[in-house]
Amino acid sequence: MMLQVPTPQEITAPALAGQSETMVLNIGPHHPSTHGVLRLVVELDGEIVVNLAPDVGFLHTGIEKTMESKTYQKAVVLTDRMDYLAPLSNNFCYALTVEQLMGVEIPQRAQVIRVLLVELQRISSHLVWLGTHALDLAAMSVFLYAMREREQILDIFELVSGARMMTSYIRVGGLAYELPAEFMPTVDTFLQRMPSHIDEYESLLTGNPLWLERTVGVGVVDADAAMAFGLTGANLRATGIPYDVRKALPYSGYETYDFEIPIGKRGDNYDRYRVRMAEMRQSVRIARQAWERLREMPPGDYMTRDRKVAPPPKEEITHSMESLIHHFKLWTEGFKPPRGDTYLSIESPRGILGCYIVSDGGPKPWRVHFRSPSFINLQALSHMSRGRMVADLIALIASLDPVLGEVDR
Amino acid sequence: MGIEEKAGNLGVVTTSLEYVVNWGRTNAMWPLLFGLACCAIEMMGAQSANYDLSRFGMEINRASPRQADLMIVAGRVSRKMAPVVRRLYDQMSDPKWVVAMGDCAACGGVFNNYAIVQGVDEVVPVDVYVAGCPPRPEALIDGIMMLHEKVMREKISGVKERPITISQPLLQVEVAKKHG
Amino acid sequence: MDNPTLLSRIRARFPQAVRSSTEFRGALSIDLHADAYADLVTWLRDEPTLRYDFLENICGVDYLGRTPRFEVVAHLVSMQHLHRVCLKVGLPEHNPTIASLTPLFATANYQERETYDLLGIIFTGHPSLTRILMPDDWIGHPQRKDHPLGDEEVAFTFNQEQIYARKPFARE
């Protein structure tokens, strides 16, 4: 089995030397269907893709290095901008890892709110995928519908945090603020409406002959190759492997929620589409369970009471000098986790998002590394597109759902 | 309806050539379909149904720089991407304008490091800076409206004015936060 | 599968490979000798009772001032046993070289190229070890601790004129 990922130079060099009979086509980094600043060097025989090399790094932001110069709590802001379709998932992964490093327990209520928001984030991220995937295959109206519902989710995020996209709402130790009173009814309305909206998208696409023509049997990857390439998320589950971190190595109380892992059979574009659509329904289901738990819960903490991480409450600061100093120290100097290193992974909308943090005992992380699913999923692109047409390649990129901010970090 | 009712009997409408040219340029400004990072998602949001940028004659995003006259630099520009951005700008036909959307494009934003160009104005001349990380779709539309005002003042001699900066956040969203 | 069982099995199979092992917050990390690394990973992957068949993460860390200075960290997951193990290999400051895992796991390809690009660790046996994130003509490895962050002075009202006078603004 040929599981190689060529570099752009390996394709361009023989062509430049005039040694190849094939044509080399450069797609990107500015191209409407590469979903950002991805560059693809494609070797073509007629219209058939013979070989392909993704060229990444056009959005390299130095996030990991910059985080080393910020305190643990301030570095949360940078994680937002990595996978910009799912900022809360990034916050979540980073916060969980630092909490594991510190050994901090998070209040039950904050955990439920986190799960609820992250599942809403998964829906919103899948909606952008659906809209752009359909747009790439010339189905314009799905994009408009998907963005309409996405705006409703962004409104919920705006309600809780004041920002539409870069919320930084999930902090180390809990959440940034208390939920506003309008939160519960707004989410309720949204969760009531969303299943019928998903039906609406499915009625536009699932049985559509044009859609089937472009997706069924396109970009096939089998389970062994998917495992070898480290494909995760819906891309892996579409090949029939039911691996979901939420079930396999649960975090934040996911083991107490009732949901299923949708899987596919063939590992083609259509299965990936079906898996993601089913995932949206499962996310609605999880979010609904979290909503009900939240409704039955008495008002409580949104942040841990552990003073190592969380500042003292405002009332206490007004009459206690020690609390004031502690508050000041916490925000200027930051907290200091013990020496050690820890790794944790969560199921982000795109796959396994892992975070590896090394602490030297100081207030700033010594090293932060993110295992970003898009970066690793992208390796399978050349394997999946060989022997197909250029037009299938475009459908395939959209189906893999890479976010370039996360690829390059 | 429209101009033929109002000016139908007059026969001749007099105005300055500059006004007509600039009116035409502002009302059919085609942006380059060019997204870099997070701001591109808000740019997509501005073009979708809720905000509907096509109200201002901008529904067509041209993927080819040859057919575009507005470059919205939506997102952070890395050192690797900077030559590409400049090349795209050079490929656009005159007259052309640049909106630096978001903090990263304006000044580097939160990413003050080795990888990011500290402001896209080091690479291409910018006409309007839009603040925000990312700016809301309304802020982007406001920036574009500001650019339209600037274009309306342009002389045919081709002398460009200095850049306009949105110094005050124009949209302050009040969010009810109940601190328990 | 639990941490002590796995560790004792590794020690039984490769008596010379393990330098030390730690358990921190329930996660097992094994510090290995560089020469046993690839063999151990192959065995972990292929042994039918273990099946650590998913390479989740591979990255490098620069511990400046420590000997050995560099460390390569790999996280392997067994989907059968739902267990994760962390393997670490310390590498010297001069010529940090380690065997590549790309022949074993295709997924290591990009991650090792990234580690090479940002930290300068050389993976022998990698099919195409070239820069991936930084431009090809970039000098240095930016994630090393002795590489400066490369930040620029932030302009405020009191110093913006000096900064803008130095800044290379683009022209038409």
Side-chain angles (χ1 to χ4, degrees), chain A residues 28-33 35-37 39 56-63 65-66 69-70 77-78 80-82 84-85 87 128 131-132 135 143-148 150-152 154 158-166 177-183 299-302 314 403-405 408-409, chain B residues 32-42 44-52 61-65 71 74-85 87-88 91 102-104 108-116 132-139 172-180:
Chain A
H30 156 75
H31 192 273
S33 63
H35 291 235
V37 286
R39 176 173 171 241
V56 299
F58 289 97
L59 200 58
H60 179 57
T61 318
I63 287 180
K65 176 101 176 168
T66 313
S69 67
K70 304 230 182 269
V77 173
L78 295 171
D80 273 318
R81 284 140 183 96
M82 222 166 47
Y84 41 75
L85 290 182
V128 176
T132 49
L135 197 61
F143 173 76
L144 296 172
Y145 288 135
M147 292 303 270
R148 180 188 67 191
R150 184 169 182 270
E151 288 292 333
Q152 295 177 3
L154 294 187
E158 194 178 340
L159 196 68
V160 296
S161 71
R164 280 157 55 87
M165 280 170 67
M166 304 304 164
Y177 324 102
E178 183 55 77
L179 291 175
E182 306 92 316
F183 178 76
D301 290 339
Y302 59 87
K314 274 281 184 303
V403 169
L404 270 292
D408 300 340
R409 299 181 305 273
Chain B
L32 181 62
L33 180 48
F34 178 51
L36 289 169
C38 338
C39 291
I41 308 296
E42 285 297 64
M44 271 161 58
Q47 279 154 352
S48 65
N50 277 39
Y51 296 97
D52 198 9
N61 271 5
R62 301 315 298 188
S64 163
M71 178 190 244
R76 46 196 188 243
V77 182
S78 70
R79 303 252 174 234
K80 195 171 177 180
M81 190 67 193
V84 184
V85 174
R87 189 162 180 185
L88 285 169
Q91 283 176 336
D103 290 349
C104 297
V110 288
F111 303 113
N112 194 355
N113 61 23
Y114 64 92
I116 295 295
C133 190
R136 298 173 60 85
E138 293 99 322
Q172 291 187 337
V173 183
E174 298 250 325
V175 179
K177 277 186 213 120
K178 214 176 101 189
H179 290 271

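Each chain gets a letter, A, B and so on, in the order the sequences are listed, and its residues count up from 1.
- In this structure, no portion of B:A40 lies under 4.5 Å from any heavy atom of chain A.
- One finds the CG atom of A:L59 at 6.5 Å from the CD1 atom of B:I116 (value rounded to the nearest 0.5 Å).
- The contact between B:V110 and chain A is made by backbone and side chain atoms together, counting heavy-atom distances below 4.5 Å.
- Summarising the geometry, atom CZ belonging to B:R76 is positioned 8.5 Å from atom CG belonging to A:D408; distances are rounded to the nearest 0.5 Å.
- A:T132 touches chain B through its side chain: at least one heavy atom from C-beta onward sits under 4.5 Å away, while N, CA, C and O do not.
- Considering SG of B:C38 and CE of A:M166, their distance stands at 3.5 Å, rounded to 0.5 Å.
- The ring-ring contact (aromatic ring centres under 6.0 Å, His included) search around A:Y84 returns none, not counting sequence neighbours.
- Within the 3.5 Å criterion, the main-chain N or O of A:T61 finds a donor-acceptor partner in the side chain of B:N113.
- Both the backbone and the side chain of A:R81 come within less than 4.5 Å of a heavy atom in chain B.
- From B:K80, atom NZ reaches atom NE2 of A:H60 across 9.5 Å, with rounding to the nearest 0.5 Å.
- Of the two parts of A:F143, only the side chain, counted from C-beta on, holds a non-hydrogen atom closer than 4.5 Å to a non-hydrogen atom of chain B.
- Heavy atoms only, all atoms of each residue included: B:A115 and A:G62 are closest at CB-N, 3.9 Å.
- At a 4.5 Å heavy-atom cutoff, the contact between B:L88 and chain A is made by side-chain atoms alone.
- Scanning for ring-ring contact (aromatic ring centres under 6.0 Å, His included) contacts around A:H35 gives an empty result, with sequence neighbours left out.
- Using the six-membered ring where Trp is involved, A:H30 and B:F34 have ring planes that are perpendicular, over 60° apart on the 30 and 60° scheme.
- Taking both residues in full, the closest heavy atoms of A:E151 and B:G45 are given as OE2-CA, 4.3 Å, listed atom of the first, atom of the second, then distance.
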Quick one, A:L78 with B:F111, criterion side chain to side chain contact (heavy atoms under 4.5 Å, CB included). Give me CA distance, side-chain angles, the key distance, then yes/no.
CA-CA 8 Å; A:L78 295 171; B:F111 303 113; 3.5 Å; yes
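- Note that CZ of B:R136 and CG of A:L154 are 9.5 Å apart. Values are rounded to the nearest 0.5 Å.
- At a 4.5 Å heavy-atom cutoff, the contact between A:V128 and chain B is made by side-chain atoms alone.
- The minimum heavy-atom distance between A:G57 and B:S78, with the atom names listed, is O-OG, 4.1 Å.
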Carefully, step by step, assess B:I41 and A:R150 under the rule side chain to side chain contact (heavy atoms under 4.5 Å, CB included).
CA-CA 11 Å; B:I41 308 296; A:R150 184 169 182 270; 3.5 Å; yes
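- Taking CE of A:M147 as the start and CE of B:M44 as the end, the distance is 4.0 Å to the nearest 0.5 Å.
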